[in-house]
*Asks:* 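Starting off with a structure, shown below.
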Amino acid sequence: MTARTIQRRVSAPAGDFAPRLHPVLRRVYAARGVNDEGTLGLGLDRLLPVSSLEGLEGATELLLRHRASGRRILVVGDFDADGATSSALVVRCLRKLGFSDAGFLVPNRFKYGYGLTPEIVALASQQQPSLIITVDNGISSQAGVAEANRRGIEVLVTDHHLPGTELPAAAAIVNPNLPQSRFGSRALAGVGVAFYLMAALTRRMQQQSDPVAATVNVADVLDLVALGTVADLVQLDHNNRILVAHGLKRIRARRCVPGIVALLQEAKRDPARIVAQDLGFAVAPRLNAAGRLDDMSIGIECLLTDDEQTARSLAARLSQLNEERREIEQRMQEEAATAVRKVHIDSGGELASALCLYDESWHQGVVGLVASRIKDRVHRPVVAFARAEEAVAGRIDSGSGIDMGARKPGTSPILLRGSARSVPGVHIRDVLDAVATRYPDLIEKFGGHAMAAGLTLKESALTLFTTALIEESARWFDAGRQGIIESDGELSPEEMTLATAFELRDGGPWGQGFPEPAFDGEFAVIDTRVVGERHLKLRVRACQSGEILDAIAFRYFEHAGAADGAGGSAAAASAFKLKFANGTARLAYRLDVNEYLGARRLQLIVEHIC
Ligand SMILES: [Mn+2]
């Protein structure tokens, strides 16, 4: 197992900030390349201009033409939280703007595949739309768009994924990641693209003195933009931070869709105090569970309804799906960890430069999460596979779990669907590309980016694929680059306060590409106990100040368990205590405000113990 080390972020010279900015924030921002008030300001007026995103003019014309016809418009979204928020956003805006018949369709991807496939177009055509709008997908759906054209349905593609060499023959395309785009951010999520489209449409209609549009404020949907942007893990560049900050503000003031409040309440989070991480860790998984296990309609309905009671019951159903997802994932993760240990032993203690994990019973909606968790433990690329065919029948059966269905004895080969998660330095899509070049018939289909990819493979090809993947990954993999925890340095005794914790909490939004501040320092471990079976609670004394603080290391025993085969237990905690009794440990930690029975106390969230 790779040891983890703490490395301090290189801090650029502190920038040109207003004097009242907290000194810790000043350092933290500088280390993230934010050096002046200009790149710090999160006012909506600093958003990249709507007019600077290419394709919006044609798209707006197209929408207005279909509005005039009064025929049905169908929004076809991707099956994850970005897709669900995009779908809800566009349907809500179109209805507000007087489009008489706007609906959505979200494919069950197990049945209909990814993107706008010809099968989905056939399904959509039953509703006789005159226009299909894809959100968060469609840029590589040449066949689906051609099929729609053949049926006399126009297509407006909005997407943020990287296009292939050929674009679909759509009536209009909006995508900041088209090669010739000069838009100032490539990090816009699918829901960000949808927002820009609706902003352009609203403005256009207002310019035409449309009485309906006069009452519409497109900023009202920023709650959905914030949720989809955080959930999709796109880089929180300046433009995305503005979008997320304003969405959060609206949610805190409860000026948001009832579905988001209901999902937060399901997760026992107070909407008035949420930060970006709450959207990522509490709301997004509940929405995604629907897309992973069933189909996303229920998630979109939850974001579409204006009725609080309906929102609450849909949110409860999503939470239940999320529980099921968690149980399935837990079981798969344990099996995967066992498989990793076995590989570990078989290979004499050294892990290969990449790992392939497969079990016939695994659910293909959850393999990505398993790959991601195992990757975090072993610090090398991981591909987790499930059978593709069985999962077609893999629907929720009356809440008791997943009915995997029985495979009909047939002659067609068993297909596996794999989900890959990578580590810094290994561009997993390029690795798959190299494998596919060397063995042209090995991989059926693959796609993705540097850190994550998906692929389809015949079961009989798995052994050869594993060998080829390990060989190719070895060219990229550098053990020395793995398991590094980045820190913003030490906090002085006068900085380690509740006030600083509040400043940091309000200094966000933090997230992908704009990491939440973390620090490191020496602490004496005074006391430890296990909470919730896998978390480690500590009382520590800061060596510099002598102050005694509460600290918690979430999932500590899960990580430790994967490393040395020990499960979380009281014995493990006392072993830990012995190891550190009266000794000091170097901790990487974040500052947190712990609210308990109305009292607020400083707490350290421990990310790593050296
Ligand atoms: Mn997306």
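Ligands are counted one by one from 1 in listed order, and the atoms in each one are counted from 1 as well.
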*Asks:* Does anything in residues 158-173 pair up under side chain to side chain donor-acceptor pair (under 3.5 Å), and if so which pairs, sequence neighbours excluded?
*Replies:*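 Sorted pair list: D82-H160, D136-H160, D159-H161, H160-D232.
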
*Asks:* I need the full list of salt bridge (charged side-chain N to carboxylate O under 4.0 Å, His left out) pairs touching residues 44-59, with sequence neighbours left out, sorted by first then second residue.
*Replies:*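 Found none.
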
*Asks:* What are the protein N/O/S atoms, named by residue and atom, that sit under 2.8 Å from the Mn ion (ligand 1)?
*Replies:*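 Metal shell, protein only: D82 OD2, D136 OD1, H160 NE2, D232 OD2.
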
*Asks:* Under a 3.5 Å distance rule, please check whether T202 uses its side chain to pair with a backbone N or O of M198 as donor and acceptor.
*Replies:*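 Judged by distance alone, yes, a pair lies under 3.5 Å.
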
*Asks:* Using a strict threshold of under 4.0 Å (side-chain N to carboxylate O), is an ion pair present between D278 and R269?
*Replies:*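 Salt bridge present between R269 and D278.
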
*Asks:* In plain terms, say whether R65 and E154 are close enough for a salt bridge, that is, a side-chain N and a carboxylate O under 4.0 Å apart.
*Replies:*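 Yes, charged N to carboxylate O under 4.0 Å.
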
*Asks:* Name all pairs fulfilling the ring pair (Phe, Tyr, Trp, His ring centres under 6.0 Å) condition that reach into residues 180-200, sequence neighbours left out, sorted by first residue then second.
*Replies:*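 Pairs touching residues 180-200 that pass the test: F183-Y196.
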
